[in-house]
**Q** 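Shown below is the structure under consideration.
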Amino acid sequence: MSVLSQAALRGQPNAASGYVTPPYAVPGSVRMRGDDFLDPARSHHRSSDWDGVERVRLRDTVLRPFRSGTGGTFQRFDWSTRDLGEPEPVPVGRVLVVDLIGLFHPEVLDDLDLTVWCDVDLDTAVARGLARDRALGRSHERLWHDVWVPNERDFAERFAPRSMAQVLVPSGGQPAD
C-alpha cells in the first residue's frame, strides 16, 4: 500500500474540502481530507511551519497504519463541535491520497511514498480560495491575507515544498514530464 501526498494550498479548488483534489484519478485510491488534521485555533495564527497542521497525529493514526496494512482508528476534526470526532477505521485501499497544507515537512516526509505538487501561483490559489469561501457564505479575507498567505510564504521559504515534490502537476492538470 502506498501513501500519495500532495501539497494542498495550490491546486484545483475543491468546494467540499476547500483545498484541492488531484486533477486526475488514482485507481484504487482513497482520499484523506487535510481539514480533518487542522487545529482550528492554531491554524488561524501566524507560524512559519503551519503549526496548526497536526502532522504527527496524521502520521501516527493514519499514514503508518495505512502503509503497514495493520488498520487502526483515527479521529477527524469535527468543525461543528470544534473537537475531535468519534474514532473511525483507517480507510482501506491500494493508495491513500492526502491533500493538506504544510504536509511536506520533516515530521512526515519519510512516511510519504510519492509527493505531488499541484503548481498554481499563490495569487491564483488565494483568489480561488476567497471565491470558494464567498460562495459558501464565509468571510475569511482577513485570515487569508494576514495569516494563511504569510504562513504559506514562510513555509515555502523554510521548507521548499515544491522542490520536495516527485511529481509537479501544472495548473493545466496533467503531470509534467
Side-chain angles (χ1 to χ4, degrees), residues 1-47 49-116 118 125 128-140 142-144 147-148 151-152 155 159 161:
M1 291 181 240
S2 295
V3 176
L4 167 69
S5 70
Q6 64 177 6
L9 183 57
R10 301 184 182 168
Q12 305 302 315
N14 177 316
S17 73
Y19 295 105
V20 297
T21 298
Y24 47 88
V26 179
S29 69
V30 292
R31 177 174 172 254
M32 182 60 56
R33 285 176 7 110
D35 286 6
D36 295 331
F37 293 89
L38 294 179
D39 177 287
R42 292 181 6 242
S43 65
H44 287 70
H45 293 284
R46 285 285 288 120
S47 103
D49 71 347
W50 278 113
D51 174 64
V53 177
E54 295 184 334
R55 290 175 288 264
V56 171
R57 182 167 67 88
L58 171 66
R59 180 193 69 202
D60 293 348
T61 65
V62 176
L63 299 180
R64 289 181 177 171
F66 182 90
R67 193 178 203 196
S68 69
T70 58
T73 61
F74 76 104
Q75 293 172 278
R76 298 178 192 272
F77 188 81
D78 183 338
W79 290 88
S80 64
T81 64
R82 302 191 69 75
D83 201 357
L84 293 177
E86 294 296 318
E88 59 184 276
V90 171
V92 176
R94 289 189 19 215
V95 176
L96 176 66
V97 178
V98 179
D99 62 281
L100 178 62
I101 57 173
L103 184 58
F104 295 5
H105 188 279
E107 292 176 327
V108 294
L109 276 174
D110 288 343
D111 293 286
L112 305 175
D113 296 313
L114 179 66
T115 54
V116 177
C118 298
R128 289 175 177 173
L130 285 168
R132 181 212 55 235
D133 287 351
R134 283 186 206 109
L136 294 172
R138 299 178 184 147
S139 177
H140 290 148
R142 187 196 64 75
L143 278 171
W144 277 97
V147 177
W148 295 336
N151 283 2
E152 180 65 11
F155 189 88
F159 297 103

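Please read these numbers as outputs of a predicted model, since none were measured by experiment. We're numbering straight along the sequence, starting at 1.
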**Q** Using side chain to side chain contact (heavy atoms under 4.5 Å, CB included), reason through Leu63 and Leu112 one step at a time and then give a plain yes or no.
**A** CA-CA 8 Å; Leu63 299 180; Leu112 305 175; 4.0 Å; yes

**Q** Could you tell me whether Arg59 and Glu107 make a salt bridge, using a distance below 4.0 angstrom between a side-chain N and a carboxylate O?
**A** no

**Q** Can you tell me how far the NE2 atom of His105 sits from the CG atom of Leu100, to the nearest 0.5 Å?
**A**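 If I round to the nearest 0.5 Å, the distance is 11.5 Å.
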
**Q** Just jot down the ring pair (Phe, Tyr, Trp, His ring centres under 6.0 Å) partners of His44, sequence neighbours excluded, or say none.
**A** Trp148

**Q** For Phe37 and Val98: C-alpha separation, side-chain torsions, deciding distance, then whether side chain to side chain contact (heavy atoms under 4.5 Å, CB included) applies.
**A** CA-CA 11 Å; Phe37 293 89; Val98 179; over 6 Å; no

**Q** Quick check: do Glu152 and Trp50 have side-chain heavy atoms less than 4.5 Å from each other?
**A**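 Sidechains of Trp50 and Glu152: in contact.
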
**Q** Measure the spacing between CG of Leu103 and CE of Met32 and express it to the nearest 0.5 Å.
**A** 12.0 Å

**Q** Atom CZ of Arg76 and atom CG of Leu38: how far apart are they, to the nearest 0.5 Å?
**A** 13.0 Å

**Q** Would you compute the distance between atom CZ of Arg46 and atom CG of Asp51 and round it to the nearest 0.5 angstrom?
**A** 12.0 Å

**Q** Work out which heavy atom in Ser43 is nearest to a heavy atom in Val147; give both atom names and the distance.
**A**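 Reported closest heavy-atom pair: O-CG1, 4.2 Å.
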
**Q** For Ser47 and Asn151, which heavy atoms make the closest approach, and how far apart are they?
**A**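 Minimum heavy-atom contact is N-OD1, 2.8 Å.
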
**Q** Is it true that a side-chain atom of Arg57 and a backbone atom of Gln75 form a donor plus acceptor pair closer than 3.5 Å?
**A** yes

**Q** If you look at every heavy atom in Val30 and Gly93, which pair is closest and at what distance?
**A** CG1-CA, 4.4 Å

**Q** To the closest 0.5 Å, what do you measure between CG (Asp99) and CZ (Arg31)?
**A** 4.0 Å

**Q** Show the nearest heavy-atom pair for residues Phe74 and Thr61, with the distance to one decimal.
**A**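 Closest approach of Phe74 to Thr61, heavy atoms only: CB-OG1, 3.6 Å.
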
**Q** What verdict does the side chain to side chain contact (heavy atoms under 4.5 Å, CB included) test give for Trp144 and Asp133, after you've listed the backbone C-alpha separation in whole Å, the side-chain angles of each residue and the deciding distance to 0.1 Å?
**A** CA-CA 10 Å; Trp144 277 97; Asp133 287 351; 2.9 Å; yes

**Q** Under 3.5 Å, side chain of Arg42 to main-chain N/O of Glu54, donor-acceptor pair present?
**A** no

**Q** For the CD atom on Glu88, are there more than 12 heavy atoms of other groups (residues, nucleotides or ligands in this structure) within a distance under 6.0 Å?
**A** yes

**Q** Considering residues at least two apart in sequence or located in another chain, which fulfil the ring pair (Phe, Tyr, Trp, His ring centres under 6.0 Å) criterion with Phe77?
**A** Trp79

**Q** Taking all heavy atoms of Pro65 and all of Gly71, pick out the closest pair and write down the distance.
**A**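 The answer is CB-O, 3.0 Å.
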
**Q** Working to the nearest 0.5 Å, report the span between CZ of Arg82 and CG of Asp39.
**A**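 Spacing of CZ (Arg82) from CG (Asp39) equals 9.0 Å.
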
